[in-house]
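Here is the structure we will look at.
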Number of protein chains: 2
Amino acid sequence: MRAKRNAAAMASHDETASPEASFTAAETAYRRLRSDIVAGVFEPGQPLRLEFLRQRYGLSFSPLREALNRLQTERLVLAAALRGFSVAPVSIEEMWDVTETRTLIECEALKRSIDRGDDDWEAGIVAAFHALDLQVRRLAPLGRELSVDELSALEIRHQEFHSALIAKCGSRRLINLSDQLHVETQRYRLPALAGKMPTGPRDVAFEHRQIMDATLARESDKAEALLAAHYRRTAELIEAQMSPRSG
Amino acid sequence: MRAKRNAAAMASHDETASPEASFTAAETAYRRLRSDIVAGVFEPGQPLRLEFLRQRYGLSFSPLREALNRLQTERLVLAAALRGFSVAPVSIEEMWDVTETRTLIECEALKRSIDRGDDDWEAGIVAAFHALDLQVRRLAPLGRELSVDELSALEIRHQEFHSALIAKCGSRRLINLSDQLHVETQRYRLPALAGKMPTGPRDVAFEHRQIMDATLARESDKAEALLAAHYRRTAELIEAQMSPRSG
DNA sequence: AAACATCTTTCTTTCGAAAATCCTGCGTGA
DNA sequence: TCACGCAGGATTTTCGAAAGAAAGATGTTT
């Protein structure tokens, strides 16, 4: 224990070294749990026994329970009184609910960003698109399944692009909701993408470029429609993947 | 401690007696904390010292921390690593952000309910409106400030009406978000209403009737516009109350 | 064999103390 | 006078054990 606490202390004094160092054990538990649930390390519906988590993460009950309580309100974890926690189940219905809610939130946020966005906002979008594009071009011609690391790097760039679009919406809540809903959609997208070729029948890069172009042209309605279609297509592909299998 | 645990156990075996009995200490902590924050018992920005809460609620650290972690993700509590928790501050900007986000969510949910609503849904709206109306008529002619109990009874009816409107939207997330945003708005509405006459210059009952009529007539656009105006007016009154004072 | 009660085991939940950290006030030196 | 560092106290955070409840196993009765 002492070693861990000291490591945390050092990290907090040395913020430049590791940009997102986790300070407390509860924060560590939160991030690792969330990451493992999103990545599908834990099956949907699986009970999250505290003793198991304690051994896996090397933490004590208290920080684990604090993290699980947070994840409960974020819909990643289910809590039953006196019966512990479990991974929130997934279903096609839930997948569509996340997708549609996310579309609602992000379309509104995009519209507001288009209304308020300044030069920095535009530059941020162009930069994020370019970084995403580079990553796609690097990975696409490999002609093989992507590794977890490659997939996760791509996911980060993807999220940063969508985040840049709505950055100037002026609402903390919309941005926050967008982040949360993004995490929820990852639960569906990552398993569907794992072990797949980087390029399917779909030209995602082109969809992104279209969204960016309409956004920079300040064409709200068109940008919103393209964004909504972008998410809808992803959902349809995921649904097609989920339907034949057990899910 | 033993007495408390037994009480919880009894409640869980006897669910019919008390409809919303809190089972675990953590759940109790969550509800009492949330209620106290919303009611303004704790000032916005006030630090929430654990020793203070422990004495106030007669609970131990663990359940308190679990509750505070949940409230953190619900934006009622601020958490700073190794520096504890505090009541989330309020501001006119935040108030508008809550109001506009809530409007976005509930207008969409109302539209979908109007599309999908059945007879039970309509009946639920009429019933909720009537109960709200009865309460208003009972309280309005009193010609004095409302007590905390009267105000809270009114608030429950009010929320039930708005909840009935969107009940058939078909999205767990929209309903859930609506609930959370309602709690957040209460932080602004309750202090503004406390010590006020039940009837101001504004005919809230009439606004509600208009919303109901448009909804039952399945006029989505009109109902949405009325609902948005309803929330906007409330926000404007709260802003007017907050501006002259310190806030 | 089924229904039921009781015991055991497993797990969650809570507690209180210990460890780690932050904050404040005081003294020291420039 | 002001910056700096260093105790001492206050507070948060974590831990491990103990208490309590649920699930499962065993035996008993009808």
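Numbered from 1 within each chain, the chains take letters A, B, ... in sequence-line order.
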Worksheet entry | Residue whose nearest DNA chain C nucleotide is more 5′ - Phe61(B) or Glu66(B) | Glu66(B)
Please give, in whole Å, the distance from [N] [atom2] to [X] [atom1]?
{"X": "Tyr57(A)", "N": "dT14(D)", "atom1": "OH", "atom2": "C1'", "result": "18 Å"}
{"X": "Glu51(B)", "N": "dC15(C)", "atom1": "CD", "atom2": "P", "result": "13 Å"}
{"X": "Leu50(B)", "N": "dT21(C)", "atom1": "CG", "atom2": "P", "result": "17 Å"}
{"X": "Leu59(A)", "N": "dG16(D)", "atom1": "CG", "atom2": "P", "result": "11 Å"}
{"X": "Arg54(B)", "N": "dC15(C)", "atom1": "CZ", "atom2": "C1'", "result": "10 Å"}
{"X": "Leu64(A)", "N": "dT13(C)", "atom1": "CG", "atom2": "P", "result": "13 Å"}
{"X": "Glu27(B)", "N": "dT12(C)", "atom1": "CD", "atom2": "C1'", "result": "15 Å"}
{"X": "Phe52(A)", "N": "dT10(C)", "atom1": "CZ", "atom2": "P", "result": "18 Å"}

When you measure from the side chain of [X], which nucleotide among [options] comes out closest?
{"X": "Leu82(B)", "options": "dC22(C), dT12(C), dC15(C)", "answer": "dC22(C)"}
{"X": "Pro63(B)", "options": "dT14(C), dT13(D), dC15(D)", "answer": "dT14(C)"}
{"X": "Thr24(A)", "options": "dT13(C), dC15(D), dT13(D)", "answer": "dT13(D)"}
{"X": "Arg83(B)", "options": "dA21(D), dG16(C), dC22(C)", "answer": "dC22(C)"}

Discussion item. Checking Tyr231(A) against Glu106(A): is there a side-chain donor and acceptor pair closer than 3.5 Å?
Written reply: yes
Worksheet item: Between Gln55(B) and Glu51(B), is any side-chain donor less than 3.5 angstrom from a side-chain acceptor?
Response: yes
Worksheet item: Should Arg49(A) be listed as having a side-chain N or O under 4.0 Å from OP1 or OP2 of dT10(C)?
Response: no
Discussion item. Any side-chain N or O of Arg65(A) below 4.0 angstrom from OP1/OP2 of dT13(C)?
Written reply: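 For dT13(C), OP1 or OP2 has a side-chain N or O of Arg65(A) closer than 4.0 Å.
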Item to complete: Inspect the surroundings of CG in Asp118(B) and state if more than 12 heavy atoms from other residues, nucleotides or ligands are less than 6.0 Å away.
Response: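 Count over threshold, so yes.
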Fill in: Arg157(A) atom CZ: more than 12 heavy-atom contacts under 6.0 Å
no
Discussion item. With a 3.5 Å distance limit and no angle check, can you tell me whether Ser86(A) reaches the backbone of Pro47(A) through a side-chain donor-acceptor pair?
Written reply: no
Worksheet entry | Sugar-phosphate, base or nothing in reach of Ala29(A), heavy atoms under 4.0 Å |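 Contact class for Ala29(A): none.
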Worksheet item: With sugar-phosphate meaning primed atoms plus P, OP1 and OP2, does Phe85(A) contact a base, only sugar-phosphate, or nothing at under 4.0 Å between heavy atoms?
Response: sugar-phosphate
